[in-house]
Amino acid sequence: MTLEAAAQPSSTPLAWTGEEMMIVAAARALHDGARCFVGIGRPSVAANLARRVHAPHLVLVYESGTIGAKPTHLPLSIGDGVLAETADTVVSVPEMFNYWLQPGRIDVGFLGAAQIDRYGNINTTVIGTDYHRPKVRLPGAGGAPEIAASCREVFVVARHNRRAFVERVDFVTSVGHGQGPGDRERLNLRGRGPVRVITDLGVLEPDPVTRELTLTQLHQGVTVEQVRAETGWELRVADSLEPVPAPTPVELATLRELQTTAGPGADQG
C-alpha cells in the first residue's frame, strides 16, 4: 500500500492499512517463549496478536505486576482486571521492578513513543523546550525509563512522521543510545537498548558502529524517498533493503477480531 493510495478515496477497500501493517510487523518481531514487558497501546495490540498467531508461549508482563497474562480482550490499561485474572502470577510493583526488570530477567521491552530521535532516545513527557511551560504535556514516563534501561533489548512502535521522528527529542524520557557509541555503557545501562523501531513505513535498526537508526526494511509500496521525507534528520539507509512481507489473511483476521474485542475506551494509539 502506497501513501498516495492511502490518501485517495476508493470504492474498493484496501487490503490493509499502514497501521495494520505496522502492528503485524511488530508482532512478528516477538518470538515464542520470550518474556515481553508490554506497554499499553500499540505494543499491547502487537504482543497480543503475536500470542494468538505464532507465539502461543509468549509471556506477557505488564507493569502492574502481572506475569503470563492471557487477556481475552485488549486491556484498557495496566490495571485492567483481565490481566490479573488470566495471569500465571501477580507480584507487587516493587518486586516487578526490583526482581524481574532491573536484574535483566525480561527479554524484550515493547514501547511506544511520542518522539524518537536518531539514536533511539524516547520522549513521552513534554513537547517543547520549556519543561514547565510545554506546548504539550504528555502522559509521562511510567515504567518506560526502567524498561529501556534494563530489558535485554527494546522494540519501539510508532507512526513515522516528522513530528515524531526528530533530530533531537525535546525531553529524554527513556534513554536509547544516548548520543552514540558507548553512552549506554557509561551510564551503566544493562540492556542493549532499542534494537528495532517499527513504523507504518518500514523498520529501522541501530547501526552496529554509530548506533544511529538506519532504515533496513520497507513496507510494500513505500519508497526510501517517502521515509526520508517523514524523518527529521538525514536518514541513513542500509545497502540492502529488505521488503516486509504483506500481512497474511490469518494475521489480518486475527488483528481485526482482536481490535473489535477491545474494552470500551481502550487506547490503541
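Starting from 1, each residue takes its place in the sequence as its number. Note: hydrogens, waters and symmetry copies are ignored here, and every other heavy atom, side chains too, is used.
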Under 4.5 Å between side-chain heavy atoms, hopping through other hydrophobics if needed: is there a path connecting Trp100 to Phe97?
yes

Glu146 side chain to Gly143 main-chain N or O, any donor-acceptor pair under 3.5 Å?
no

Could you check, using the six-membered ring where one of them is a Trp, whether Phe110 and Phe37 have ring centers closer than 6.0 angstrom?
no

Flag if over 12 foreign heavy atoms under 6.0 Å of CZ, Arg137:
yes

In one Ile/Leu/Val/Met/Phe/Trp/Tyr side-chain cluster, 4.5 Å: Ile147, Phe171
no

To the nearest 0.5 Å, atom CD of Gln259 lies from atom OG1 of Thr254 at 11.0 Å

Please tell me whether Val108 and Val175 are part of a single hydrophobic cluster in this structure, the criterion being side-chain heavy atoms less than 4.5 Å apart.
no

Grab the two heavy atoms, one from Leu213 and one from Leu235, that are nearest each other, plus how far apart they are.
O-CD1, 3.8 Å

In terms of hydrophobic clustering (I, L, V, M, F, W, Y; side-chain heavy atoms under 4.5 Å; direct or indirect links), are Val169 and Val126 co-clustered?
no

Between CD on residue Glu230 and CZ on residue Phe165, distance to nearest 0.5 Å
10.5 Å

Is the closest basic N to carboxylate O distance between Asp107 and Arg35 below 4.0 Å?
yes

Nearest-0.5 Å distance, OG1 of residue Thr231 to CG of residue Leu201
7.5 Å

Side-chain contact, heavy-atom cut-off 4.5 Å: Glu19 with Arg42?
yes

Report yes or no: do Val93 and Leu101 belong to one cluster of Ile/Leu/Val/Met/Phe/Trp/Tyr joined by side chain heavy-atom distances under 4.5 Å?
yes

Any donor-acceptor pair under 3.5 Å from Thr66 side chain to Ala69 backbone
no

When you measure from the side chain of His219 to the backbone of Val203, do you find a donor-acceptor pair of N or O atoms at a distance under 3.5 Å?
no

Taking every non-hydrogen atom, the tightest pair across Gly176 and Pro194
CA-CD, 3.5 Å

If you define the side chain from C-beta out and look only at heavy atoms, does anything of Val82 sit under 4.5 Å from His73?
yes

Do Val237 and Arg228 come close enough that some side-chain heavy atom pair is under 4.5 Å?
yes

Measure across Leu58 and Ala50 and return the closest heavy-atom pair with its distance rounded to 0.1 Å.
CD2-CB, 4.1 Å

Check: Ser150 and Leu189 side chains under 4.5 Å, non-hydrogen atoms:
no

Does Thr199 use its side chain to pair, donor to acceptor, with the backbone of His160 at less than 3.5 Å?
no

Separation of Arg152 CZ from Arg192 CZ (nearest 0.5 Å)
11.5 Å

Flag side-chain contact, heavy atom, 4.5 Å: Val224 against Leu241:
yes

Does a side chain donor of either Ser44 or Tyr62 reach within less than 3.5 Å of an acceptor in the other side chain?
yes

Let's go through Asp32 and His54 carefully: what are the C-alpha distance in whole Å and the side-chain angles of both, what is the deciding distance for side-chain contact (heavy atoms from CB on, under 4.5 Å) to 0.1 Å, and is it a yes or a no?
CA-CA 7 Å; Asp32 199 23; His54 67 271; 5.9 Å; no

Could you give me the CA-CA distance, side-chain angles and deciding distance for Val197 and Ile116, then say whether side-chain contact (heavy atoms from CB on, under 4.5 Å) is met?
CA-CA 9 Å; Val197 179; Ile116 186 167; 3.9 Å; yes

So which atom in Ile106 and which in Cys36 form the shortest heavy-atom distance, rounded to 0.1 Å?
CG2-C, 4.4 Å

Any donor and acceptor pair, going by atom type alone, linking the side chain of Arg236 with main-chain N or O of Leu215 inside 3.5 Å?
no

Walk me through whether Val38 and Val61 qualify under side-chain contact (heavy atoms from CB on, under 4.5 Å).
CA-CA 6 Å; Val38 188; Val61 180; 5.9 Å; no

Say you draw a straight line from CG of Asp207 to OG1 of Thr214; how long is it, rounded to the nearest 0.5 Å?
5.0 Å

Over all atoms of both residues, closest heavy-atom pair of Gly112 and Thr124
O-CG2, 4.3 Å

Does Val227 reach the side chain of Leu218, with side-chain heavy atoms less than 4.5 Å apart?
yes

Is the shortest side-chain N to carboxylate O distance from Asp130 to Lys135 below 4.0 Å?
no

Six-ring centre of Phe155, Arg196 cation under 6.0 angstrom, axis tolerance 45°:
yes

Would you mind telling me which of Ile198, Asn48, Asp200, Leu255 makes a side-chain contact (heavy atoms from CB on, under 4.5 Å) with Ile23?
Leu255

Look at atom CZ of Arg163 and say whether more than 12 heavy atoms of other residues, nucleotides or ligands are closer to it than 6.0 Å.
no

Only residue of Thr173, Thr125, Asn121, Asp170 satisfying side-chain hydrogen bond (donor to acceptor under 3.5 Å, both in side chains) with Gln115 is Asp170

Tell me, with the steps shown, if Leu111 and Ile122 meet side-chain contact (heavy atoms from CB on, under 4.5 Å).
CA-CA 9 Å; Leu111 298 172; Ile122 293 172; 4.1 Å; yes

Residue pair Glu63 / Met96, side-chain heavy-atom distance below 4.5 Å
no

Side chains of Thr216 and Glu205: donor-acceptor distance under 3.5 Å anywhere?
yes

With rounding to the nearest 0.5 Å, note down the distance linking CG in Asp117 to NE2 in His177.
10.5 Å

Heavy-atom closest contact (Ala87 atom, Ile67 atom, distance)
CB-O, 3.5 Å

Pairwise side-chain contact, Glu20 with Arg256, heavy-atom cut-off 4.5 Å (strictly under):
yes

Could Glu257 and Arg52 be called an ion pair, given the rule that one side-chain N must be under 4.0 Å from one carboxylate O?
no

Ionic contact status for Glu251 with Arg28, cut-off 4.0 Å
yes

